[in-house]
Amino acid sequence: MNEPKISPDLISAHGLTPDEYGRILEIIGREPTFTELGIFSAMWNEHCSYKSSKKWLRTLPTEGPQVICGPGENAGVVDIGDGQAVVFKMESHNHPSYIEPYQGAATGVGGILRDVFTMGARPIAAMNALSFGDVSHPKTRQLVHGVVEGIGGYGNAFGVPTVGGEVRFDPAYNGNCLVNAFAAGLADADKIFYSAASGVGRPVVYLGAKTGRDGVGGATMASAEFDETIEEKRPTVQVGDPFTEKRLMEATLELMQTGAVISIQDMGAAGLTCSAVEMGDKGGLGIRLELDRVPVREDAMTAYEMMLSESQERMLMVLDPSKEAEAKAVFDKWDLDFAIVGETIAEDRFLIMHGGEVKADLPLSKLASTAPEYDRPWVATPIADALDFVPEIDPIDGLRALLSSANYARKSWVWEQYDSQVMADTVRVPGLGAGVVRVHGTDKALAFTSDVTPRYVKANPVEGGKQAVAEAYRNLCAVGALPLATTDNLNFGNPEKPEIMGQFVGAIQGIGSAVAALDMPIVSGNVSLYNETDGAAILPTPTIGAVGLVDSIDDLIAGDVRDGHFALMLGESDGHLGQSALLAEVFNRAEGDAPAVDLEAERRNGEFVRANRELINACNDLGDGGLALAAFEMADAAGVGLMLDASDTATLFGEDQGRYLIACSFDKAEALMVEATQAGVKLTSVGRFGGSDVKIGASQASLSELSELFRSSFEAQLG
């Protein structure tokens, strides 16, 4: 088959700039082959090389006594005591999910699960953070249905509980939805598997499903903006098979028990290319591949297609040669492909053979660790003006507006399509705060949450970045968990625009300061840039996934609100309404600055909650919608009415940070007040739970009416 001639158009189609192509010519001293051009394109695109973000990612705190493995591997690893570790990561599948919602979302789940079990961990929990366009946009309903069905279809069939997440809507996502997938698993802390190859002349083994043409060029597609050619990109979306993935996990974990695995890498973005290069580069070795040995499911596949395919449910491993027969027997048992497709070599070469011909012969180290790195120009986001008006509304009317919004209505239609109970260790299901899963066979539990408020980040990237981490911290503390560490999924527009790059830089600065102050280092993550369509960017959306530890299930704050319980607010309130949910949903305005985040107060208040959990029956952090929405959510979940003393809009709907709403009995409330005085934190009585009505100041409505609105609005609009 004749390969295409290298031309400026072909170079551009591969996402390479003229300068980058010139750099390729300098590295190899000749014109690349078509396959070599594809390999450089795959390794040097934004999705794989982080060329616009590396400079800033290096500033993030990634270490701590609890961290076993930070960024750079398939997933992060954190010690949870007793010789155990939690392995977790969050990644995006945004572009594929917009083009083909079901498969895009499904393969996003599959990819993040592989990242976890490739490290030797059995997945125990999943979450997802989803951002869609305006509810009335003609494509939104299709995207919501396809994405939710894809996540549920893959996760449920694989057999991992989905225990949390978030769903938001904003016109900024009309042309580019976001699908961020999180997974966590358990492993023995001394049995973590890494991707760095070692030893010369060792077999390189292909594991899992066969290679097809699906997903060819997917990573390059994910590193470009959308335009009117979007439908042409549909073939670059992968197709997933959760049942094959389940078998792959069981085979991989069984294989790891044999001692056969020297190193192992998921075949994710850029498939065989990226997995082989990363293994070789991390180990300081070269790799020789014989593509004639690669299991394929389609005829006449070219070297280019095989190297760039992103077919799912595949792994690459460096094998102890003495264990070859034992390893092959494991994969034969699970009816999966096991093929020796190459070997490690001493030279710094990435040598690709196909049909007896050399299709690529490149210096391997130049493909990964020396990929281009840019210091993009950036401009700081201007400080927003203060609100030029004081929004006032009847409290019940304001609450109704939030409860009927797709952003704040109950999302049971979504999470009920996910199996949250499979594996029988889920302690707290989606719906109110962090999800909680028991560490099987122990009294310990792990809590999971994902958080970001994009309108805050757009108004003030530094404070918005801080707030995403702080809210994750609060959600974990609110269930009694000690926050351990975080993973980030940084979704932004085109970094070549200085104002977009400024959003990214500001958010990184805020995230970095918050994870340092709250002892929640970033141990893994993903950057997704070029989330734009026809030049219109998404809201900056740096999602933070966080994990916390509960030493004993008995220490969990269960969320048990009872008739007669007092409502206590922990933290300072100034009635900050800038960029608030009320402003957006009722007044259709996005104005003012984001609320400031006092990290010392966040830590102090979170530690108070954890230290006094035996006095707390239920706890909810105060975020979107402020006191009014948080109190109603607790009342609705318990099926009891609510009386709040305040009546002014700012107190009820302000979104000051660092605050919690606590429910407890009178005796416990008295004891908490004493503890708060001694700890130097502000704790205020704001009302009571009880009866069958919601009374806010002089305004009143029945709980049943508001609960019906809360529970039916999402499905009525999108279900």
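Atoms considered below: every heavy atom in the structure, side chains included; atoms not considered: hydrogens, waters and symmetry mates.
Atom-to-atom distance recorded for K55:NZ and D375:CG is 4.0 Å, nearest 0.5 angstrom. The CD atom of E100 sits 10.5 Å away from atom CG of L143, with the distance rounded to the nearest 0.5 Å. With rounding to the nearest 0.5 Å, the separation of CD1 in I112 from CG in N74 is 9.5 Å. To the nearest 0.5 Å, the span separating CG on L577 from CZ on F653 amounts to 9.5 Å. Residue Q467 holds its CD atom at 9.5 Å from CD of E463, rounded to the nearest 0.5 Å. Note that CE of M90 is 10.0 Å distant from CG of N526, once rounded to the nearest 0.5 Å.
You'll find the side chain of L583 reaches within 4.5 Å of the side chain of L387, heavy atoms only. A 4.5 Å side-chain heavy-atom check between P454 and R168 finds at least one atom pair inside the cut-off. Residues L599 and K466 are in side-chain contact: their nearest non-hydrogen atoms beyond the backbone lie under 4.5 Å apart.
Residues E73 and K89 are not paired through a salt bridge, judged by the lack of any N-O separation under 4.0 Å between the basic side chain and the carboxylate. Note on E91 versus R114: no salt bridge recorded, every NZ/NE/NH1/NH2 to OD/OE distance being 4.0 Å or above. Between E572 and K682 there is a salt bridge, since a side-chain N of the basic residue sits under 4.0 Å from a carboxylate O of the acidic one. Salt bridge annotation for E532-K497: present, with a cationic side-chain nitrogen under 4.0 angstrom from a carboxylate oxygen.
A donor-acceptor pair under 3.5 Å is absent between the side-chain atoms of T107 and the main chain of G110, judged by distance alone. With hydrogens and angles ignored, the 3.5 Å screen pairs a side-chain donor or acceptor of N605 with a backbone N or O of G658. Checked by atom type and distance alone, the side chain of T487 pairs as donor or acceptor with a backbone atom of S524 at under 3.5 Å. At distances below 3.5 Å, at least one donor-acceptor pair connects side-chain atoms of N45 with backbone N or O atoms of A42. A donor-acceptor pair is defined here as one N or O able to donate and one able to accept, closer than 3.5 Å; such a pair exists between the side chain of Q66 and the backbone of L484. In this structure, the side chain of K458 does not engage the main chain of G464 through any donor-acceptor pair within 3.5 Å. Between the side chain of S528 and the main chain of N491, no donor-acceptor pair closer than 3.5 Å is present.
When R474, H576, E602 are each tested for a side-chain hydrogen bond (donor to acceptor under 3.5 Å, both in side chains) with Q657, only one passes: R474.
For the pair K139 and F132, the NZ or CZ position fails the cation-pi test of under 6.0 Å to the six-membered ring centre and within 45 degrees of the ring normal. Relative to the six-membered ring of W56, R376 misses at least one condition, a distance below 6.0 Å or an angle of at most 45° to the axis.
Residues passing the salt bridge (charged side-chain N to carboxylate O under 4.0 Å, His left out) test with K411: none are found, sequence neighbours excluded.
A ring pair (Phe, Tyr, Trp, His ring centres under 6.0 Å) check over residues 482-515, counting only residues at least two apart or in different chains, returns the pairs F492-F504.
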- Task: Please test Y473 against M520 for side-chain contact (heavy atoms from CB on, under 4.5 Å), starting from the C-alpha separation and ending with a verdict.
- Result: CA-CA 8 Å; Y473 176 84; M520 299 169 70; 3.5 Å; yes
- Task: Just do the salt bridge (Lys or Arg N to Asp or Glu O under 4.0 Å) check on D170 and R455 with the steps written out, would you?
- Result: CA-CA 10 Å; D170 190 277; R455 63 181 183 276; over 6 Å; no
Kindly list each side-chain donor-acceptor pair under 3.5 angstrom involving residues 584-596, sequence neighbours excluded, with atom names and distances?
residue	atom	partner	partner atom	Å
E585	OE1	S405	OG	3.1
E585	OE2	S405	OG	3.2
E585	OE2	N407	ND2	3.1
R589	NE	E591	OE2	2.6
R589	NH2	D388	OD1	3.4
R589	NH2	E591	OE1	3.1
R589	NH2	E591	OE2	3.2
D593	OD1	N460	ND2	3.1

